[in-house]
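A quick write-up on the structure given underneath.
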Amino acid sequence: MRTLSELTIRELQEEVRKGNLAYQEILEFTIARIEAEREVNGYISLFLEEARAEAKLADEKRKEIIHPLFGLPIAIKDNIAVKGKPLTCGSKILSPFLSPYDATVVERLKATGCIILGKTNLDEFAMGSSNETSYFGPVRNPLAKERVAGGSSGGSAAVVKYGGAVASLGSDTGGSVRQPAAFCGLYGLKPTYGRVSRFGLVAYASSLDTIGPIGKSTEDCALLLQTIAGYDPKDATSVNLPVEQYLPLTGNLKEIRIGIAEEFLPDDLDPRMKAVIEEAIRELGKEAKDVKRVKLPHLPYGVAAYYLIATAEASSNLARYDGIRYGFRIPAEEISLLYERTRGEGFGEEVKRRIMLGTFALSKGYYEEYYGVGVKVRGLIREDFSSAFDEVDVILGPTYPKPAFQLGEIQEPLEMYLSDIFTTPVNLAGLPAISVPAPRKIDNLPVGLQIIGRPFAERIVLEVAYASERLLDDEKGRGGRYGI
């Protein structure tokens, strides 16, 4: 029998409408799950008293449901601003800081009548692929607590998986929504760059950062995207284009052309992963208009280009945390000592490493040799995808080369960076992509199937994801062709 934590947003609202559930019951169940799974360490802060008051009010107004998210508890990654609440970014240097305003995405969520339940744990300043670099401790995978939940939105994925929120928002700079979703067996969507406002998202790498939803189904992600997407005059990178209606989804692939790129299935990829992904493509291909092979020759250079550009932008963005303007400070008689001591103690090792890498890449005499080359490779990757999308509508591949790994298993930073090979090129090209659970598990752990589309083709990406979900015989008990 399914529990409340397994129900999607639509299913929960249907139970409320039938009178089988109250919003206060949903909230109390959610809080009980958070208490039971404290070991996961998914939240940095919780707003329980306010949430209970809002749930009570929602029950009093339940006949006036104004939006499908009304009355439901949502979690927000702790690098997205919620007015009057902590905004730590998982860092000691911001640990005492409270946000003076709401991010645009939070404003749009609040307008639906949903309940902002808390702020979720993350790799410090969203820098990481395992959620092990947070000042507040690592996030454990609720499916296997000795393993990582993925990074950097590991907290946002973990709490949704164990029922500590109905859905959540994360941020994706190099795969940070899609990879944790893959590790936790969830759906994680990275929209086109510019589709969702970044106002109120603490900048890591400004030309790559994107806010995206994590949910238990494709519909959940589509609903959240529909809610938060759209032009925002407060964000100069926000694109002024109409937002499509993403719901209802049909899963009809008759007019969809699926692309396969050998660069997403290299010879050194785990053969079990290759088999799982090829099976998914084969099954979806039976319903699609066409399945074609495409070339993405510069994809293997994506990780190097990504880390040059991301660290360069990070070194600039994080210069503002000096002990004067925000949060944590170590007083000193000289201003230079105050900067040195505050930043030395306030930042963790991974953040310091990336600031130094980025500063070097931007330094005089090396700018063209490093940052300049990264920008050129980014342009080539964009051209590769653009050419491929002349022939196909979506490109399928794995989200990550392997399932969730053990906490502490990867000690070498370069090894961690290289494993982002399938997600970072999507950010460099600014494309929409979603990670959905693949049809089979590896070592009883979920793996992600990544579906990538052309700019602003979120609707097509979601339709393919929905078709994949319908084929999946998952824990939701919908039935399907696959066994797990």
Side-chain angles (χ1 to χ4, degrees), residues 90-91 122-134 138-139 147-154 170-180 182-183 190 204-210 263-264 266 268-270 273 296 298-318 347-362 366 369-371 373-378 380-381 397-429 433 435 448 450:
S91 178
L122 69 156
D123 278 310
E124 186 177 7
F125 282 101
M127 298 179 188
S129 304
S130 63
N131 219 138
E132 294 176 287
T133 71
S134 170
V139 175
R147 294 179 182 271
V148 303
S152 63
S153 305
S171 66
D172 192 316
T173 304
S176 294
V177 162
R178 289 161 285 158
Q179 188 242 30
F183 280 10
K190 177 217 169 290
Y204 156 26
S206 305
S207 73
L208 302 164
D209 296 335
T210 314
E263 291 82 3
F264 272 110
D268 58 352
L269 182 65
D270 184 330
M273 177 66 78
L296 298 168
H298 298 95
L299 197 81
Y301 307 107
V303 171
Y306 169 82
Y307 277 97
L308 280 169
I309 293 169
T311 58
E313 293 184 10
S315 72
S316 174
N317 281 324
L318 270 62
F347 287 137
E349 292 304 312
E350 182 60 31
V351 171
K352 291 176 190 171
R353 181 180 297 113
R354 296 195 190 199
I355 288 174
M356 287 191 290
L357 282 170
T359 303
F360 181 77
L362 291 174
Y366 296 100
E369 188 176 348
Y370 292 101
Y371 183 74
V373 170
V375 171
K376 287 177 184 174
V377 172
R378 179 183 200 163
L380 293 170
I381 289 173
T399 305
Y400 200 74
K402 58 183 180 180
F405 46 88
Q406 301 272 349
L407 284 157
E409 178 181 330
I410 300 180
Q411 296 291 327
E412 174 57 46
L414 185 58
E415 183 183 353
M416 190 80 83
Y417 299 166
L418 289 174
S419 58
D420 295 335
I421 185 169
F422 300 134
T423 51
T424 51
V426 173
N427 296 77
L428 290 170
S435 179
Q450 184 173 207

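Predicted model, so just to flag it, every value in this text is computed and none were measured.
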- Message: Please determine whether side-chain contact (heavy atoms from CB on, under 4.5 Å) holds for the pair Leu357 and Tyr307, giving the CA-CA distance in whole Å, both sets of side-chain angles, and the decisive distance to 0.1 Å.
- Response: CA-CA 9 Å; Leu357 282 170; Tyr307 277 97; over 6 Å; no

- Message: Applying side chain to side chain donor-acceptor pair (under 3.5 Å), can you list everything that pairs with Ser206, at least two apart in sequence or on another chain?
- Response: Asn317

- Query: Among all residues two or more places apart in sequence or in another chain, which pass the side chain to side chain donor-acceptor pair (under 3.5 Å) test with Gln179?
  - Reply: none

Side chains of residues 410-419: which donor-acceptor pairs under 3.5 Å do they make with residues two or more places apart or in other chains?
{"residue": "Gln411", "atom": "NE2", "partner": "Gly408", "partner atom": "O", "Å": "2.6"}
{"residue": "Tyr417", "atom": "OH", "partner": "Glu350", "partner atom": "OE2", "Å": "2.6"}
{"residue": "Ser419", "atom": "OG", "partner": "Tyr400", "partner atom": "OH", "Å": "2.5"}
{"residue": "Ser419", "atom": "OG", "partner": "Met416", "partner atom": "O", "Å": "2.6"}

Looking only at non-hydrogen atoms, find the nearest pair between [X] and [Y] and report the distance.
X      : Y      : value
Gly90  : Leu122 : N-CD2, 3.5 Å
Leu269 : Pro398 : CD2-CG, 4.3 Å
Ala310 : Leu208 : CB-CD1, 4.0 Å
Pro180 : Gly175 : CD-O, 3.8 Å
Gly374 : Ala305 : O-CB, 3.8 Å
Ser315 : Gly358 : OG-C, 3.6 Å

Are [X] and [Y] close enough that some pair of their side-chain heavy atoms sits under 4.5 Å apart?
X      : Y      : answer
Arg378 : Ser207 : yes
Pro401 : Ile421 : yes
Phe264 : Gln450 : yes

At what distance, to the nearest 0.5 angstrom, does [atom1] of [X] lie from [atom2] of [Y]?
X      : Y      : atom1 : atom2 : answer
Glu263 : His298 : CD    : NE2   : 10.0 Å
Thr311 : Ile355 : OG1   : CD1   : 10.5 Å
Phe125 : Ser171 : CZ    : OG    : 12.0 Å
Phe405 : Ser129 : CZ    : OG    : 7.0 Å
Asp268 : Asp270 : CG    : CG    : 10.5 Å
Ile381 : Tyr306 : CD1   : OH    : 12.5 Å

Any residue meeting side-chain contact (heavy atoms from CB on, under 4.5 Å) with [X], in chain and number order, not counting sequence neighbours:
X      : answer
Ser152 : Lys77, Asp123, Ala126, Ser176
Lys352 : Phe347, Glu349
Tyr371 : Ile309, Ala312, Glu313, Leu362, Tyr367, Val375
Tyr366 : Phe360, Ser363, Glu369, Tyr370

Could you pull out all donor-acceptor pairs under 3.5 Å where a side-chain atom in residues 422-429 meets a protein atom, sequence neighbours excluded?
{"residue": "Thr423", "atom": "OG1", "partner": "Gly174", "partner atom": "O", "Å": "2.6"}
{"residue": "Thr423", "atom": "OG1", "partner": "Asp420", "partner atom": "O", "Å": "3.3"}
{"residue": "Thr424", "atom": "OG1", "partner": "Asp420", "partner atom": "O", "Å": "3.1"}
{"residue": "Asn427", "atom": "OD1", "partner": "Arg178", "partner atom": "NH2", "Å": "2.6"}
{"residue": "Asn427", "atom": "ND2", "partner": "Asp172", "partner atom": "O", "Å": "3.1"}
{"residue": "Asn427", "atom": "ND2", "partner": "Asp172", "partner atom": "OD1", "Å": "3.1"}
{"residue": "Asn427", "atom": "ND2", "partner": "Thr173", "partner atom": "O", "Å": "2.9"}

- Say whether Ser91 and Glu124, considering side chains only, have a donor N or O and an acceptor N or O under 3.5 Å apart. yes

